[in-house]
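Atoms within a ligand are numbered from 1 in the order they appear, just like the ligands themselves. Just the heavy atoms: all of them, side chains too, but no hydrogens, waters or symmetry mates, feed the values below. If you read the sequence from its start, that first residue is 1, and numbering goes on from there.
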Amino acid sequence: MRPARFISLEGGEGVGKSTQLRALGAVLRARGMEVVETREPGGSPGAEAIRHMLLTGAADRWSARAEALLFAAARADHVEKTIRPALQRGAWVLSDRFLDSSRAYQGMGELTDEDILTLHRIGSAGFLPDRTFILMLPEGEAESRAYSRDGDGSDRIGGRDSAFHRRVSQSFARFAAIEADRVRPIDASGEAAAVTARLLRELEDLLP
Ligand SMILES: Nc1ncnc2c1ncn2[C@@H]1O[C@H](COP(=O)(O)OP(=O)(O)O)[C@@H](O)[C@H]1O
Ligand SMILES: Cc1cn([C@H]2C[C@H](O)[C@@H](COP(=O)(O)OP(=O)(O)O)O2)c(=O)[nH]c1=O
């Protein structure tokens, strides 16, 4: 039997991560696989409590350093309590965001990519997905998808300005370019079913 796998979906707000996570989960379950769908920040009771602290309140509620530590702490609990146990019993785990979100959102200002990787080494022993998909959409398209879902009600981090979100997208694209084995860019435009087909093509070599 092939081993259980840990897959993360990444990208900016509104690119279709949650939609594709559900679609991918359904395809894998139809093949008889046990699938755990999870998300960050969150995915375990402790990490969901931290999520609430991270995503609500004033824009300046946390310093950049405190925010990065909270994301890393939430991830440590998520890995320990949800992801590792699922993989150990043979389930596939699909996560809506993981480490690369911290690298893209927290690792390009006061803190560096190396700092975020160090926090991950401390928090989660450097645990990485078997494959990471970066969903890519032209800026205006992602924004209008997110707007049609949320209206003006974005969270503490989603509400940052468009220059910030452009830098986030550029960081994600860079990870795909320099870590091509793990991180695959996916064109997220067009019908949801077409995007799911692109994801499955990039997953084929890992499927049982
Ligand atoms: N391929 C697609 N074409 C058009 N709209 C989409 C597509 N995929 C998702 N959406 C819609 O766009 C919005 C954002 O999608 P969602 O999956 O929630 O994105 P994310 O999790 O990346 O923020 C939702 O309203 C969703 O129904
Ligand atoms: C996991 C993670 C998320 N985030 C941010 C990205 C989002 O703005 C926010 C919440 O993510 P999420 O609920 O996935 O938002 P969306 O569905 O709009 O993509 O948290 C970070 O800044 N760092 C992280 O490590």
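For atom 22 (O) of ligand 2, the nearest non-hydrogen atom from the set Arg160, Gln106, Arg149 belongs to Gln106. When Glu191, Arg145, Arg149 are checked for heavy-atom proximity to atom 2 (C) of ligand 1, Arg145 turns out nearest. For atom 13 (O) of ligand 2, the nearest non-hydrogen atom from the set His165, Arg51, His120 belongs to Arg51.
From the protein, the heavy atom lying nearest to atom 5 (C) of ligand 2 is Ile157 CG2, 3.9 Å. Protein heavy atom at the shortest distance from atom 25 (O) of ligand 2 is Ser102 OG, 2.6 Å. Remark: minimum distance from atom 21 (C) of ligand 2 to any protein heavy atom is reached at Phe71 CZ, 3.2 Å. Closest to atom 21 (O) of ligand 1, if we only count protein heavy atoms, is Ser18 OG, 2.5 Å. Nearest to atom 1 (N) of ligand 1 among the protein's heavy atoms is Gly190 O, 2.8 Å. In this structure, the protein non-hydrogen atom closest to atom 26 (C) of ligand 1 is Thr19 OG1, 3.8 Å. In this structure, atom 19 (O) of ligand 1 lies nearest to the protein heavy atom Gly16 N, 3.1 Å.
If you number the atoms of ligand 2 from 1 as listed, the ones under 4.0 Å from a heavy atom of Asp155 come out as 8 (O), 9 (C), 10 (C). Applying the 4.0 Å criterion to heavy atoms of Ala192 picks out, from ligand 1, the atoms 1 (N). For ligand 2, the atoms sitting less than 4.0 Å from at least one non-hydrogen atom of Glu40 are 1 (C), numbered in the order shown with element in parentheses. Those atoms of ligand 2 with a heavy atom of Pro41 less than 4.0 angstrom away are 1 (C), 3 (C).
For the pair Ile116/Ser102, a side-chain contact is recorded, criterion being any heavy-atom separation below 4.5 Å from C-beta on. Under the 4.5 Å side-chain criterion, counting only non-hydrogen atoms from C-beta, Arg75 is in contact with Leu99.
A cation-pi arrangement is present between Arg160 and Phe164 under the rule of less than 6.0 angstrom and at most 45 degrees off the ring axis.
For the pair Glu10 (side chain) and Ser101 (backbone), a donor-acceptor distance under 3.5 Å is present. With hydrogens and angles disregarded, no donor-acceptor distance shorter than 3.5 Å links the side chain of Ser124 to the backbone of Phe127. Between the side chain of Trp62 and the backbone N or O of Leu70, no donor-acceptor pair lies under 3.5 Å. Side-chain atoms of Arg29 come within 3.5 Å of backbone N or O of Val35 as a donor-acceptor pair. Between the side chain of Arg198 and the backbone N or O of Asp187 there is at least one donor-acceptor pair closer than 3.5 Å. Not a single donor-acceptor pair under 3.5 Å links the side chain of Thr82 to the backbone N or O of Val79.
Residue contact annotation: Gly158 has a non-hydrogen atom under 4.0 Å from ligand 2. In this structure, Arg75 counts as a contact residue of ligand 2, since one of its heavy atoms falls inside 4.0 Å of the ligand. Taking 4.0 Å as the cut-off, Ala146 does not count as a neighbour of ligand 1 on heavy-atom distance. The shortest separation from a heavy atom of Ala194 to ligand 1 is not under 4.0 Å, leaving the residue out of contact.
Below 3.5 Å of separation, one finds no N or O of Asp150 facing any N or O of ligand 2. Distances between N or O atoms of Glu13 and those of ligand 2 include at least one value under 3.5 Å. For Tyr105, no nitrogen or oxygen atom sits less than 3.5 Å from a nitrogen or oxygen atom of ligand 2, counting backbone and side chain alike. Looking at ligand 1, you won't find any N or O of Ala188 less than 3.5 Å from one of its N or O atoms.
Between Arg5 and Asp130 there is a salt bridge, since a side-chain N of the basic residue sits under 4.0 Å from a carboxylate O of the acidic one. Between Asp161 and Arg166 there is no salt bridge, since no side-chain N of the basic residue sits under 4.0 Å from a carboxylate O of the acidic one. For the pair Glu34 and Arg89, the salt-bridge criterion is met [side-chain N within less than 4.0 Å of a carboxylate O].
When non-hydrogen atoms are compared, ligand 2 lies under 4.0 Å from the side chain of Arg97 (C-beta onward) but not from its backbone. Proximity of Gln20 to ligand 1, defined as any heavy-atom pair under 4.0 Å, is not found for any part of the residue. Residue contacts with ligand 2 for Lys17 involve side-chain atoms from C-beta outward but no N, CA, C or O (heavy atoms, distance under 4.0 Å). Using a 4.0 Å cut-off between heavy atoms, Leu55 contacts ligand 2 through its side chain alone, with no backbone atom that close.
There is no path of hydrophobic side-chain contacts, each under 4.5 Å, that joins Leu203 to Val183.
Screening Thr38, Leu94, Val93, Val36 for a side chain to side chain contact (heavy atoms under 4.5 Å, CB included) with Phe6, the sole residue that qualifies is Val93.
The structure places OH of Tyr105 at 5.5 Å from CZ of Phe172, a figure rounded to the nearest 0.5 Å.
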